[in-house]
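First the structure, in the form of C-alpha cells, and then the observations on it.
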Protein chains: 2
Amino acid sequence: MLKYQKIALEIEKYITVHSLKQGDKIPVIETLISQYKVSKSTIIKALNLLEDKGIVFMVRGSGTFVRGQIRKGYNNLLLTQDCREDDSKNPPFLRKIIGMEIVRAIPDVATALGLEEDSKVYSVRYVHYIEKQVLCMEQVFYNKNIISYLDKEIASESIFNYLKNILGLKIGFPDIYINLDKLNSEEASIFGLNIGDPMLCKEIIYHLASGQPFCYSRAVLNYKQAKFFIKGNRLNSYI
Amino acid sequence: MLKYQKIALEIEKYITVHSLKQGDKIPVIETLISQYKVSKSTIIKALNLLEDKGIVFMVRGSGTFVRGQIRKGYNNLLLTQDCREDDSKNPPFLRKIIGMEIVRAIPDVATALGLEEDSKVYSVRYVHYIEKQVLCMEQVFYNKNIISYLDKEIASESIFNYLKNILGLKIGFPDIYINLDKLNSEEASIFGLNIGDPMLCKEIIYHLASGQPFCYSRAVLNYKQAKFFIKGNRLNSYI
DNA sequence: CAGTGGTCTAGACCACGAA
DNA sequence: TCGTGGTCTAGACCACTGC
C-alpha cells in the first residue's frame, strides 16, 4: 500500500475515533508532515484523496475540515452495483443468485462490452433483498474471453475480488447510466408492487485498467428504496 | 488560470481537433513536458484532472488514452441542476422563471441550509423545457444572509456567475440526492403525464468553499427525460 | 529491457483567511 | 501579518506493459 493511501486511511480512522463532525478541523499539514515524517506533497495527496471521497474539504488560508454526513437511508451511487451499503447502521443486505449460464450476447450486451453480436458471455442473475423485501433485480454479463472461468460459488462471493486476486486482472473505471421507467407485469410481481409503478434502471459498464470493458450490469430497483447520494467536489460545481 | 488547468484545457482541445476516439493514444508525458516546458508533476496533475473528468485514462507502462463517449440522450448527472446539457448536438434547452419571492424557511429548507426555521430565504421557481415539452420543475432556495440581493433579471441568467463575479463568493462542493416517487395531480398536469407516473427528484445542496451551505435546489423531472450518466474513476471501483 | 506512468522528496514561492 | 493550503520544480527511484 502506498504512503499517501495509508496516511489517508489513518486520517479517516482519526476522524472516526475522535467522532469528528461536519466543520471540525483536522491537524494542519505541517503537523501531519512531522507526524508521518513524509514530504508536504505526500500529505497533500492523501488529503486530496479524502477530499475526492467527500470526507474532508480543504480551505486555503484556513485549514482542512470534516465534511458532513449524509441523510439517513441514502446510499452512495458510485460505490457498488448494489442497492444499499452494508454497514452496521443499516438493516442487513442480502443477495441471492437465481441463475448463471453462458449465453450469446444480444446487441445491447455486445455493444456495452465491445463484442461482436452472439459472442459468448457469462450471465449471472441476482435478487437483492432488504429485510425480506425485494430491492433490486440485477443481471450481470461478463466477457468470456476475459473471464474464462466462473462458477456459482465464485459468483456468490465477491466476483471482483476473484478477478483481482485470482485472475490477476486490474479493475479500471465504470460508466454508470441511470434512467426511469414503469414496471412491467413480471417485475411488478417480483417486487410486490403494481404494474406501471416507477422503477429505476441502473446500468454499469466496468472497464479493466487497460480500458477494455469486461462487465455489464443492468439492475432494476424498487422505487421505494432507490435513494442515492453523491458527494460532489469542486469539479462538479461549474454551473 | 493555473498552468496545469491550462494544459488540461489544451489537451482537451487537442483531442477534439484531432477527433480522437475511445482508445486513441495521446502524447506521452515526456513529449508534453518538452512541449509545454513544465515539470513532470505539472503534466501529471493536468492529466489527472482530465482523468477525473472522465476524458482520458492512464495506463502505467503503456500510455494515456482517450476515454469513450457516452450514449446519446444521457446527461451528466454531476454537472448542473439542469436536466440536459445545452450543446449543439442536443435540441435547445430553455428555462423560464415562474416566480421569485422572499419566504420563511420550512424545516426541510432550514435543515438543508443549516438555518433556523423561519429564517428568510430567496425562493426561485423555474420550469425547464425541451422542445416545448416540460422537462423539469425546479425550486431553488438561497440563504438570504449570504446572498443579500437577488432580482428576476439576475435569476434568469447564471446566478452562480453573479455570486462568483459580483459578490465574490467562492463556490465549493455540492451534495446530491436522488430519489423516486409518483407524480401528484399538480405535477402530472404540468408535465402532461398521468397521476402516479414515475418521477425523479434531484436535490442538490451547494456549499461555499468555506463549507457553508448557501443554496438548496429541489427538482422534479419528467421520467422520460431523466437519463443520466456518470463517468466513474478508479475510486469508484472498489466493489 | 526499453518505454511509460506513478510515487516521493525538499524546498521555493504564491494565494487566501482570520485576526 | 501570520498561519495555512496550493502550485511548481528537478530529479531519484519504482512498477508495470509490451516487445
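Below, chains carry the letters A, B, ... as their sequence lines are ordered, and counting in each starts from 1.
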For dT9(D) and T42(B) - does any side-chain N or O of the residue sit under 4.0 Å from the phosphate oxygens OP1/OP2?
yes

Can you sort out the partners of Y4(A) under ring-ring contact (aromatic ring centres under 6.0 Å, His included), two or more places apart, ordered by chain and number?
none

So does D175(B) pair up with R67(A), basic N to acidic O under 4.0 Å?
yes

When every non-hydrogen atom of P213(B) is compared with those of A112(B), the smallest separation belongs to CB-O, 3.6 Å

Between atom NZ in K6(A) and atom P in dT7(C), what is the gap in whole Å?
16 Å

Interatomic distance where CZ belongs to R234(B) and P belongs to dG5(C) [whole Å]
12 Å

Below 4.0 Å: OP1/OP2 of dC8(C) and any side-chain N or O of Y4(A):
no

Global bending angle along the helix from dC1(C)-dG18(D) to dA18(C)-dT1(D), which compares the axes of five pairs at either end, to 10 degrees:
20°

Kindly state which residues belonging to residues 18-29 of chain A come within less than 4.0 angstrom of DNA chain D, counting heavy atoms of the residue only, listed by number.
V28(A), I29(A)

Interatomic distance where NZ belongs to K164(B) and P belongs to dC16(C) [whole Å]:
14 Å

Rounded to whole Å, the CD1-P distance (I33(B) to dA10(D)) equals 10 Å

Of the listed dG6(D), dG6(C), dT9(C), the closest approach to the M58(B) side chain comes from dG6(C)

Worked verdict on Y216(A) versus Y142(A) for ring-ring contact (aromatic ring centres under 6.0 Å, His included):
CA-CA 7 Å; Y216(A) 168 53; Y142(A) 295 93; over 10 Å; no

Measuring only between side-chain heavy atoms, which start at C-beta, is L200(B) closer than 4.5 Å to K202(B)?
yes

Applying salt bridge (Lys or Arg N to Asp or Glu O under 4.0 Å), which residue pairs with at least one partner in residues 9-37 of chain B are found, sequence neighbours left out?
E12(B)-K53(B)

Using only side-chain N and O atoms of T64(B), determine if any of them is under 4.0 Å from OP1 or OP2 of dG5(C).
yes

Main-chain N/O of P27(B) paired with T31(B) side-chain donor or acceptor, under 3.5 Å:
no

Whole-Å distance separating the OH atom of Y36(A) from the P atom of dT7(C)
19 Å

Ring-face cation contact, Y177(B) with R71(A), 6.0 Å cut, 45° max
yes

Charged N-O contact under 4.0 Å between R234(A) and E51(A)
yes

Grab the CG-P distance between L2(A) and dA15(D) for me, whole Å please.
9 Å

Sequence neighbours excluded, which residues qualify as side chain to side chain donor-acceptor pair (under 3.5 Å) partners of T42(B)?
S39(B)

To check you understand the geometry: which heavy-atom pair defines the closest contact between S119(B) and E116(B), and what is its length?
OG-O, 2.5 Å

Mapping S210(B) and I43(A) onto DNA chain C by nearest heavy atom, which one lands closer to the 5' end?
I43(A)

Taking atom P of dG3(D) as reference, at what distance in whole Å does atom CZ of F65(A) sit?
16 Å

When you match K3(A) and K170(B) each to their closest nucleotide on DNA chain C, which lands nearer the 5' end?
K3(A)

Would you call E157(A) and R95(A) a salt bridge, using N to O less than 4.0 angstrom?
no

Nearest heavy atom decides the nucleotide; on that basis, is S62(B) or I44(A) closer to the 5' end of DNA chain D?
I44(A)

Quick one: is S39(B) getting a side-chain N or O under 4.0 Å of the dT9(D) phosphate, OP1 or OP2?
yes

Would you kindly give the CG-to-P distance between L32(A) and dG6(D), to the nearest whole Å?
13 Å

Counting just side-chain N and O atoms, does K45(A) come under 4.0 Å of either OP1 or OP2 of dT7(C)?
yes

With sugar-phosphate meaning primed atoms plus P, OP1 and OP2, does L47(B) contact a base, only sugar-phosphate, or nothing at under 4.0 Å between heavy atoms?
nothing

What class does the angle between the rings of F57(B) and F173(A) fall in, given that below 30° is parallel, 30 to 60° is tilted and above 60° is perpendicular?
tilted

Tabulate atom names and distances for all N/O pairs under 3.5 angstrom spanning the protein and nucleotides 12-15 of chain C.
residue: dA15(C); atom: O4'; partner: R60(A); partner atom: NH1; Å: 2.7

